[in-house]
Peer 1: 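Pasting in a structure now, in structure tokens, and then I'll have a few things to ask.
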Amino acid sequence: MRLNGRCALFGAALAMLLAAMPAMASDLTISQFRVRGPQGGNDEFVELHNGGASAVDVGGYKFQASNASGTVGTRATLPSGTTIAPGCFLLLTNTASNGYSGSVAGDIHYKTGVTDTGGLALTDASGNIIDQVGLSSGSAFGEGTRLSSLGSTNADRSYARKADANGAIQDTDDNATDFALQQPSDPHNAASTCTAVGFSVSVADASVTEGNSGDRAIQFTLTLSEPAPTAGASVRVTTADDTATVADHDYDALDQVVSFAPGATTATVDVTVHGDTKVESDEDFFLRLSDASTGLSIGNGQAIGAILNDDIATVEIFDIQGSGSTSPYVGQKVRTLDNIVTAIGPNGFFIQTPDARDDHNRLTSNGVYVYTGSAPTVAVGDAVDVVARVSEYYDLTELSSATVTVDSHDNALPAAVVFDKNTPSSDPAHLSCGTTNFECFEGMRVTVAHGIVDRGNQSYSGDRYAEFFASAGGVRSLRSQGVPYGDQPSDVNSGVWDGNPEVFEVDADALGAVPNGTGYNGGSRFTATGVMSYDYGDYELWPSSIQVTHDNPMPRPVHDRVGMGTLRLGNFNLLRLCDTVAGNTTYTCGDRGEPSEAQLAIKLQRLSQYIGGVLKKPDVLSVEEVENINVLQQLADQLNSDWGTNYTPYLVEGHDPSGIDVGFLVRSERVMVTGIQQLGGDTTWNDPSKGGQTAFLQDRPPLLLEGRLRGPGSFAFHVLAVHPKSRIGVDSGSSADRNREKRFLQAKETAQFVQALQSDPRYRNMPLIVMGDFNAYQFTDGWVDVVGAIAGTYDDSANLLDLGGNIVHPALWNAVRSLPKNQRYSFLYTEQLGSIQGYATRDVPVMQVLDQALLNTVAQRYFQRFEYGRGDLDAPDETEYQAYNATGLEKAVGVSDHDGFVLDLSRPHGPHGHGWWGHQHGHHHGHDHDHGHHGH
């Protein structure tokens, strides 16, 4: 959400505004910085330097940062009265946890870090950029060729500006040219020794309004750092074309020597500009200094001469917007008349063409944003005339430096575009706006009658309840069958997942429709009316009004079981439940290493609330991502203490390179365990990533439990817990073929276990349930249908790899099919689709099924209910953060990145069955070094 200030200016208008900056602000530079240090990503500093001959008042200036996707945020605002003396420094340091570790004290502090591939900028109080550095092409900040990211290695190194031939800090407006790696870092603060400015000459930017005829002059001021000596001083001044050219008669070339009389500190030079009545963009040329006299060095040796066009075209909004992603009038001053104010924000307002003047071209928008920089004085319903300059603010077309005249009040608002199941389009081959799905609605009124929240609010440093993702057709952003759009091979008939192009963001508080801090849970339904905007790479609806019609409270526990004769089976991925024991030479458990005792204690409490309160104490719970039996016992102890249960843990170690295993928690007062067996633990395959050498096939081998429900209605059953290889590197990449083959072979072997079990005549009347985190959808991804292979529903024609006929007969039934479509999800994955469809980077939250239960025909007769316990995927990010310190069920929110499920079975007939110990195959060889993490 952009509410205050500006982070960029465009075209020649930059020169006009720079010319109005405080004296010598152009001598300020980011002279040294690091965004990661010995203590990690928060061990940062930013050093500022004043290379000019006068002190600079930097009160109100801002240190801003961007990530690699162009999202910008303010990290620090410099206090009023802060100055940097000539040649001196100011040091900004990050004081967050594990922050700046240097010995030179910071002068200004901030607490939100900069990403390793982001960028930095120093702006004045109005948001005009003074200096900027980028670490990737996606950063909103940077000059010329960006610097290379230093990566994620924690080390004492920084980027520092080089010195030029005169020993001054270099600033050529090209990051790669100006900066060099410095190791160790050597930051300077306000108390450090200042650099010698020396006797130098600099030139400042200048501008002039072109005029309709005749000649006028742009006057440039040259400034000496100290009075000229008795012998005087001189420097050569020349011009060079940029967008303004001598050949087009825009200005007259200049090449002359400018002299300074003894004792003088300034001199001026004029460049002649020619006026005309041609409507065109502002234009620039350069004025450069060279050949300074003896003893005189050149400081800021290049200035921009801005020729500001004052010829105004009268146009409609749809002309300004055009049919592309960028306005054809960028940089030009335009006049647009008698348009209706439709929405008002804190720093601007939206106007739209009245319906009677609609051009009826679906590719052009009738709305546009007018940036005022402060609270607008217009009202919704006003008809206004606007004279302004057209700019693209991070790809949002807007009218800036505007003069607004109100013609009338209380006019009818233009009809809103209706977003529904057809608009925006869900077909990437036929988007609503041609090559995009939203550009032709930019700035226009939009209404949503049946909106649904796809993902709860994101959280950023300055906005804890930021945008949420939504769909307008009442169906959530779900993964559907097939390969991703654009990736379908010619020999696969799986279908294509479209990437959900209809999904958009909603910034509910952007225009004040709701208070800051209003959260929206995933799955909630809403109605809204507002305007379509574009903010830092994403299309967003900014509502003028929004109402929740159905809330989806968090957490949402499953239903109570019905009767003591009901067996409640459950499954839950525990998201790296690791013990606190460090020093394992084989693996590191978890993404950040072993937890502390305090961290583990909190996680056990949170898991207990989820399992006991959200899943309501399953009799048998299969679990994934558990390090060992000891930490699983700790979880059992926590549950038994919190809920009065008698959980007993079961786990057999596998071969996962990060140490995670499959296990069970069983309520011994409800279920008698008659057998536990790991299947396929010794099976090997020829791994292409190891040069064809044998390696274990099953990183986390399936674990079979045979049990019997105690008490009335008792029956025996089998549960096979599974956690196959993840989908990481399956859709693309150099290892895709290998990863697909491994998943295929794992599923094939598991299918053989299932068929052997259900074919045994002793157990044909016993319920068999295969459940777990399948790391696969309930349908094929186009490469390998892991679930279909295990269930006996595999279709060779819809998969890249052929099974050659199903192994499992009769087929198992997927209990996920019992749920309504919008409830078919257990994992949230943000799909990175790159720079497409008008997005700087298209990131789509996708709900998908990974956690599933497959039932044989006997279990289907016992089946009562299948249900996900909602506690992990639908909450806003900030709600998850707050859950650590919450009490009761709220403490469970966000404890995993999966939602667990329960499956209730009740015996319709008499008990059957005894134990089964399937045959295992293969030999014991080295383990696979795949990281078998959940999801993608």
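Fair warning: this is a prediction, and the values are worked out from it, not measured in the lab.
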Peer 1: I'd like to know whether V271 forms a side-chain contact (heavy atoms from CB on, under 4.5 Å) with V269, so could you lay out the CA-CA distance, the side-chain angles of the two residues, the decisive distance to 0.1 Å, and finally the verdict.
Peer 2: CA-CA 7 Å; V271 175; V269 63; 5.6 Å; no
Peer 1: Counting distance only, does the side-chain N/O of T123 pair as donor-acceptor with the main-chain N or O of F63 below 3.5 Å?
Peer 2: no
Peer 1: Is a donor on one side and an acceptor on the other found under 3.5 Å between the side chain of S31 and the backbone of E47?
Peer 2: yes
Peer 1: So, does R146 use its side chain to make a donor-acceptor pair with the main chain of S139 at under 3.5 Å?
Peer 2: yes
Peer 1: Look at the aromatic rings of Y159 and F33 and report parallel, tilted or perpendicular, splitting at 30° and 60°.
Peer 2: tilted
Peer 1: Could you tell me whether the side chain of Y329 and the main chain of A313 form a donor-acceptor pair under 3.5 Å?
Peer 2: no
Peer 1: Does one side chain, of T436 or Q837, offer a donor that lies under 3.5 Å from an acceptor on the other?
Peer 2: no
Peer 1: Can you confirm whether the side chains of D43 and S101 place a donor and an acceptor under 3.5 Å from each other?
Peer 2: yes
Peer 1: Taking all non-hydrogen atoms of both residues, which atom of A206 and which atom of I218 are closest, and how far apart?
Peer 2: CB-CG2, 3.5 Å
Peer 1: Given side-chain contact (heavy atoms from CB on, under 4.5 Å), test D250 with F285 step by step and report yes or no.
Peer 2: CA-CA 9 Å; D250 296 317; F285 65 90; over 6 Å; no
Peer 1: Go through it in stages, so that I can follow the logic: the residues are L396 and D535, the test is side-chain contact (heavy atoms from CB on, under 4.5 Å), and I'd like the CA-CA distance, side-chain angles, deciding distance and then a yes or no.
Peer 2: CA-CA 7 Å; L396 171 67; D535 198 27; over 6 Å; no
Peer 1: Ignoring hydrogens and geometry, is there a side-chain-to-backbone donor-acceptor pair from D174 to T145 under 3.5 Å?
Peer 2: yes
Peer 1: For the pair Y839 and Y539, evaluate ring-ring contact (aromatic ring centres under 6.0 Å, His included) and give the outcome as yes or no after the intermediate values.
Peer 2: CA-CA 8 Å; Y839 287 85; Y539 291 99; 5.2 Å; yes
Peer 1: Would you find a donor on one side and an acceptor on the other, under 3.5 Å apart, between the side chain of E398 and the backbone of V370?
Peer 2: no
Peer 1: Spell out, as yes or no, whether a donor-acceptor pair under 3.5 Å connects the side chain of N309 to the backbone of D282.
Peer 2: no
Peer 1: Looking at K162, I'd like to know if its NZ atom is crowded, meaning that more than 12 non-hydrogen atoms belonging to other residues, nucleotides or ligands lie closer than 6.0 Å.
Peer 2: yes
Peer 1: Does F45 reach the side chain of S158, with side-chain heavy atoms less than 4.5 Å apart?
Peer 2: yes
Peer 1: Tell me whether Q32 contacts the main-chain N or O of D186 through its side chain, where contact means a donor paired with an acceptor under 3.5 Å.
Peer 2: yes
Peer 1: In Å and rounded to the nearest 0.5 Å, what is the CG to OG1 distance from D284 to T245?
Peer 2: 12.0 Å
Peer 1: Is there side-chain contact between Q321 and V368, with at least one heavy-atom pair below 4.5 Å?
Peer 2: yes
Peer 1: Quick one, I320 and S327 - any side-chain contact, counting heavy atoms below 4.5 Å?
Peer 2: yes
Peer 1: Do any N or O atoms from the side chain of Q458 and from the backbone of E467 form a donor-acceptor pair under 3.5 angstrom?
Peer 2: yes
Peer 1: Is any side-chain N of the basic residue among D131 and R161 closer than 4.0 Å to the acidic one's carboxylate O?
Peer 2: yes
Peer 1: Can you tell if the side chain of Y371 reaches within under 4.5 Å of the side chain of L399, non-hydrogen atoms only?
Peer 2: no
Peer 1: Indicate every side-chain donor-acceptor pair of residues 70-79 with a distance under 3.5 Å to a residue at least two apart or in another chain.
Peer 2:
residue	atom	partner	partner atom	Å
T74	OG1	Q64	NE2	3.0
R75	NE	T112	O	3.2
R75	NE	G113	O	3.0
R75	NH1	G73	O	3.4
R75	NH2	G113	O	3.1

Peer 1: Taking K333 first and then D311, would you say they form a salt bridge - that is, a charged N and a carboxylate O separated by under 4.0 Å?
Peer 2: no
Peer 1: Quick one, L296 with L224, criterion side-chain contact (heavy atoms from CB on, under 4.5 Å). Give me CA distance, side-chain angles, the key distance, then yes/no.
Peer 2: CA-CA 9 Å; L296 178 65; L224 296 177; 3.9 Å; yes
Peer 1: How far does OG of S192 sit from CG of L91, to the nearest 0.5 angstrom?
Peer 2: 8.0 Å
Peer 1: With distance as the sole criterion, is a donor-acceptor pair present between the side chains of D255 and T238 under 3.5 Å?
Peer 2: no
Peer 1: Going by heavy atoms in the side chains, are N154 and R36 under 4.5 Å from each other?
Peer 2: yes
Peer 1: Write down the atom of F199, the atom of G295, and the distance for their closest heavy-atom approach.
Peer 2: CD2-O, 3.4 Å
Peer 1: Is it the case that the side chain of T195 and the backbone of G87 share a donor-acceptor pair, with hydrogens and angles ignored and the cut-off at 3.5 Å?
Peer 2: yes
Peer 1: Please list, chain by chain and in numerical order, all residues satisfying side-chain hydrogen bond (donor to acceptor under 3.5 Å, both in side chains) with Y110, sequence neighbours excluded.
Peer 2: E44
Peer 1: Can you tell me how far the OH atom of Y100 sits from the CG atom of N94, to the nearest 0.5 Å?
Peer 2: 11.5 Å
Peer 1: Quick one: does T93's side chain get under 4.5 Å of N189's, heavy atoms only?
Peer 2: no
Peer 1: Take N212 and T277 through the test side-chain hydrogen bond (donor to acceptor under 3.5 Å, both in side chains) and record every step on the way to the result.
Peer 2: CA-CA 5 Å; N212 293 330; T277 57; over 6 Å; no
Peer 1: With a 4.5 Å cut-off on side-chain heavy atoms, are L48 and L28 touching?
Peer 2: no
Peer 1: Minimum heavy-atom separation for T265 to E226, with atom names?
Peer 2: CG2-C, 4.3 Å
Peer 1: For the residue pair V237 and L222, establish whether any side-chain heavy-atom pair is separated by less than 4.5 Å.
Peer 2: yes
Peer 1: Looking at residues at least two apart in the chain, or sitting in another chain, which of them share a ring-ring contact (aromatic ring centres under 6.0 Å, His included) with H274?
Peer 2: H249
